[in-house]
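Report on the following structure.
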Amino acid sequence: MPEFCDVAVPVPLDMAFTYRVPPGMMPVVGGRVLVPFRQQRMTGVVVELHDRKPSVTIKDVLSVLDSKPVLDDQLLRLGRWIAAYYLAPPGEVFRSMLPLMAEFKRAIGYRISEPGQKALHIAGTTGSSRRSHRSPEEQAKEIQVLDYLMGGDGEWIPEGTLRSSLGISRSVLENLLRKKWILRQDISAAQDATRTVKVAVLKSVDGKLNDNQRTLVDTLSAAGGRVPVESLRCLDIPRTSLGTLVKRGLIEIVAEPAGFAVSRSRPGSSPFDFEFNRAQQAALTRLREAVEARKFSGLLLHGVTGSGKTAVYLAGMRAVLAAGRSAILLVPEIGLTPAVAADLQQIFGDEVAILHSALSGRERAEQWHRIKRREARMVVGTRSAVFAPVEDLALIIVDEEHDASYKQEETPRYHARDVAVMRAKMANAAVVLGSATPSLESYFNARKNKYALIELPDRVEQRPLPEVEIVDMRLEFQETGHEQVISRKLAAEIKDRLDRREQVMVLLNRRGYSPVALCRTCGKKLECNNCAIALTHHKREHKMACHYCGSTAPVPRACVHCGSEYVYFLGTGSEKLEELLHGIFPQARIARLDRDTVRGHEDFERTLHALDEGELDMVVGTQMIAKGHDIHGVTLVGVVGADAALGLPDFRAAERTFQLLTQVAGRAGRGQTPGKVILQTYFQDHYAVQYAARQDFLGFYEKELQFRGWMHYPPYSALANVLVRSDRLDDALQWSGQMGKWFAQNRHEGVRVLGPAAAPILRLKRDYRYHFVLKSPSREKLNLTLRALLAYAAQQKIPRTQVIVDVDALWLM
Ligand SMILES: [Zn+2]
Ligand SMILES: [Zn+2]
């Protein structure tokens with residue numbers, strides 16, 4: 001056994017650390033070990049075993065967690081590639097690749113002891129505990145802890161929950177432990193068990209009850225004797241009341257599995273019931289040939305909206321399964337609803353593992369083990385499913401490859417589409433990128449023959465593409481004399497559809513009621529305390545909210561700056577649009593889809609299902625409505641506001657707008673009736689609007705490429721955004737200044753550096769932000785420059801966590 005091993009631990013440092021392997025321990029490369037790191041114990045992945053004695057003193061491995069690798073050679077290589085390409089710390093890369101770190105995370109729980117209960121009782125009757133040298137504040141804190149634990153129904157309460165709920169320091173808990181008033185235990189195993197709901201079960205109604213206890217018992221018996229404990233909390237009764245009833249044996253608390261409800265709402269038609277048209281058949285043949293070749297090939301499947309791409313994917317996967325090999329299908333976050341999961345289970349049975357965001361850490365780990373044991377060869381999931389530990393990988397499909405949710409917006413900032421291509425290369429597999437609006441990068445690669453281009457030019461069953469009519473909102477203003485949200489043309493078309501009992505979708509890509517609260521006296525806006533962003537008015541919830549950090553504020557009666565009462569709410573969000581439409585069409589049944597009304601996949605699906613069943617006449621919403629399944633009754637799509645992004649300082653704004661407009665237009669007329677789109681815009685002459693109206697992807701692509709070429713933007717160059725941030729303005733200024741000087745004093749041949757400049761959003765989540773944009777035709781040179789920059793920053797003691805390197809950044813805001 002080699003004497004040393006190098007371990008990648010999940011810390012923001014760009015290196016692995018060497019540890020001694022004590023005699024008898026047998027770590028493996030790609031397996032996990034527990035090691036001491038600074039004052040902590042951490043789980044890391046072994047990246048190398050060797051006998052090279054380091055010059056510094058080193059510590060011993062504490063224990064070996066895996067006797068076999070959890071990351072095989074290929075995934076280790078992929079992880080190293082990600083670390084190098086995205087300049088990400090290797091330990092953090094491996095942590096994102098493995099859903100297993102939770103298995104070994106230590107969790108501590110607390111429970112009240114018998115003496116603790118006595119102490120709490122005494123405190124409750126006399127108003128204070130025994131005479132003590134501790135301050136009244138400390139005593140109050142201790143009583144608070146005991147009270148909280150008392151209400152915990154005898155369960156172990158995790159330390160994190162306790163501390164964040166009560167805002168107490170660890171020393172309070174230490175003191176209580178010393179007095180033996182509370183008990184402590186390692187609850188790691190218990191905490192990660194399958195998600196459960198605690199349910200209160202009524203056992204008896206005998207005995208004397210106080211008012212609170214009576215309310216609890218009555219509520220339970222009215223509900224048939226069983227109520228989730230969480231619902232009882234809404235009664236606003238002290239936690240101790242339930243605790244007392246449990247102790248007296250009147251109520252029992254039982255745990256029941258929560259589970260991800262696989263949908264009940266879809267009929268059992270198999271996606272294989274329909275016949276492939278010629279283009280679909282040709283696409284499937286190409287895909288199968290690529291898989292059978294057993295060497296890398298990339299295919300770009302460009303199919304117009306409604307052309308039946310999904311059926312081609314599923315047929316391709318079924319062929320892979322029949323050959324006894326494995327496939328991965330990546331889907332955007334919102335697309336993986338319970339209905340889709342049900343479809344997949346129907347097609348692939350137990351052979352499919354579905355990795356969706358509603359899984360707990362434990363469930364995710366279970367799915368991971370199923371895949372690793374080769375019980376599930378078909379894997380469907382969002383971004384991180386690209387790391388699924390399948391063997392004999394034959395095919396990776398990236399559905400809606402242009403979707404921004406494939407880019408992880410935290411370290412490691414990888415793009416799952418690009419990782420999928422690299423993984424397919426390493427596995428000699430085929431990769432299929434599919435979209436109605438491919439990203440410029442992917443289409444460019446297809447043009448250069450890096451990918452084979454497969455076109456699905458027609459909608460299934462020869463359904464026509466919708467007709468698009470542009471309404472110039474500047475003219476509308478001139479002709480009507482005031483600012484309109486819904487143009488006369490759109491209102492007339494909606495009325496027409498409602499009269500014909502057809503369905504309508506209206507897109508406004510901004511949520512909330514009004515995006516700005518402005519003071520007419522001093523001219524200032526109400527801004528977020530943490531961000532340089534105007535707060536959005538949410539009328540129904542009666543609050544002002546920041547859409548960037550989530551913080552909220554009360555709705556102002558007067559200006560916070562000058563005290564004036566003349567605060568006006570300007571602009572329109574989806575909530576106000578819904579209200580306006582209710583006003584114009586009082587008979588219509590209208591639902592809204594945005595992040596305020598959709599809390600999970602089930603909400604999203606419920607609304608789409610209601611639309612499908614004809615229980616709704618109209619759906620309004622943000623870009624969310626552009627995604628999802630076929631809706632057969634929608635014959636009119638109104639676009640009220642989707643072009644605001646064109647005014648932003650972001651070189652991808654045109655591409656994003658074109659994609660959104662094309663996708664939402666594709667919602668119209670999928671059934672037997674042809675569709676129509678009314679596109680309201682203030683940017684009537686912008687090419688993104690014009691090409692989207694004509695649904696001319698090629699035209700847009702040529703024009704946009706020309707612009708990108710002139711400006712040296714991707715795909716003609718590799719780009720990275722380097723953000724320097726600090727909650728202290730001085731630090732952010734000083735660090736970005738230092739780095740700016742370094743760029744100026746050192747030659748970086750072939751790399752253009754813009755900045756330092758204030759980021760378009762100068763302050764975000766309390767951090768002041770300055771940034772550099774680096775561009776180079778050579779990815780290698782860009783990477784070298786970034787590497788040198790990080791080395792310089794480390795040498796200048798600029799904290800690594802405050803310098804964010806975003807390679808292939810999607811957002812420069
Ligand atoms: Zn004011
Ligand atoms: Zn904010």
Side-chain angles (χ1 to χ4, degrees), residues 164 167 333 404-405 407-411 413 483 508-576 594-599 622-624 641 644-645 647-650 653 656 721-733 735-736 757-771 799 801-804 806 809-813:
S164 59
E333 179 57 45
S405 72
K407 180 83 157 71
Q408 175 148 300
E409 295 295 345
E410 59 189 61
T411 309
R413 296 172 174 261
E483 197 85 35
L508 172 55
N509 203 20
R510 185 195 295 134
R511 65 192 174 93
Y513 194 81
S514 293
V516 178
L518 182 80
C519 171
R520 288 275 199 232
T521 307
C522 73
K524 286 186 181 149
K525 292 176 200 161
L526 181 60
E527 281 198 348
C528 173
N529 281 330
N530 309 324
C531 315
I533 291 289
L535 291 174
T536 299
H537 180 211
H538 287 252
K539 190 177 176 187
R540 196 171 302 170
E541 291 171 292
H542 199 67
K543 65 177 189 191
M544 305 295 294
C546 173
H547 289 178
Y548 285 81
C549 74
S551 77
T552 59
V555 178
R557 296 233 178 98
C559 173
V560 292
H561 306 287
C562 73
S564 156
E565 287 168 24
Y566 298 100
V567 178
Y568 284 69
F569 296 91
L570 303 178
T572 306
S574 50
E575 189 186 355
K576 187 168 171 187
D594 58 29
R595 287 231 318 273
D596 299 311
T597 60
V598 175
R599 299 286 178 195
T622 57
Q623 57 178 326
M624 214 178 254
L648 296 177
D650 185 336
R656 244 179 239 128
N721 191 27
V722 177
L723 192 80
V724 184
R725 62 174 182 189
S726 170
D727 55 359
R728 295 186 49 215
L729 178 60
D730 285 352
D731 284 344
L733 277 171
W735 296 335
S736 55
I761 300 173
L762 174 61
R763 193 155 172 261
L764 189 65
K765 299 180 184 171
R766 298 194 160 275
D767 281 331
Y768 294 91
R769 310 154 80 239
Y770 289 82
H771 76 150
T801 47
Q802 306 308 99
V803 180
I804 294 164
D806 190 358
L810 289 190
W811 305 93
L812 301 180
M813 300 298 283

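Order of listing sets the numbers, starting from 1, for every ligand and every atom in it.
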K407 atom NZ, over 12 foreign heavy atoms within 6.0 Å:
yes
With side chains defined as the heavy atoms from C-beta onward, is the minimum distance between R725 and I804 less than 4.5 Å?
yes
Does D596 come within less than 4.0 Å of R540, counting only side-chain N to carboxylate O?
no
Polar side-chain atom of N509 near backbone of T622 as donor-acceptor pair, under 3.5 Å
no
Pairing of R413 and D806 as salt bridge, 4.0 angstrom limit:
yes
How about E409 and W811: do any of their side-chain heavy atoms sit closer than 4.5 Å?
yes
Distance-only, no hydrogens or angles: does the R728 side chain make a donor-acceptor pair with backbone N or O of Y768 under 3.5 Å?
no
Are K576 and K539 packed together at the side-chain level, in the sense that at least one heavy-atom pair is separated by less than 4.5 angstrom?
no
Residue pair S726 / Y770, side-chain heavy-atom distance below 4.5 Å
no
With 2.8 Å as the threshold, which protein atoms of type N, O or S lie near the Zn ion (ligand 2)? Leave waters out.
C528 SG, C531 SG, C546 SG, C549 SG
If we only look closer than 2.8 Å, how many protein N, O or S atoms does the Zn ion (ligand 1) have near it?
4
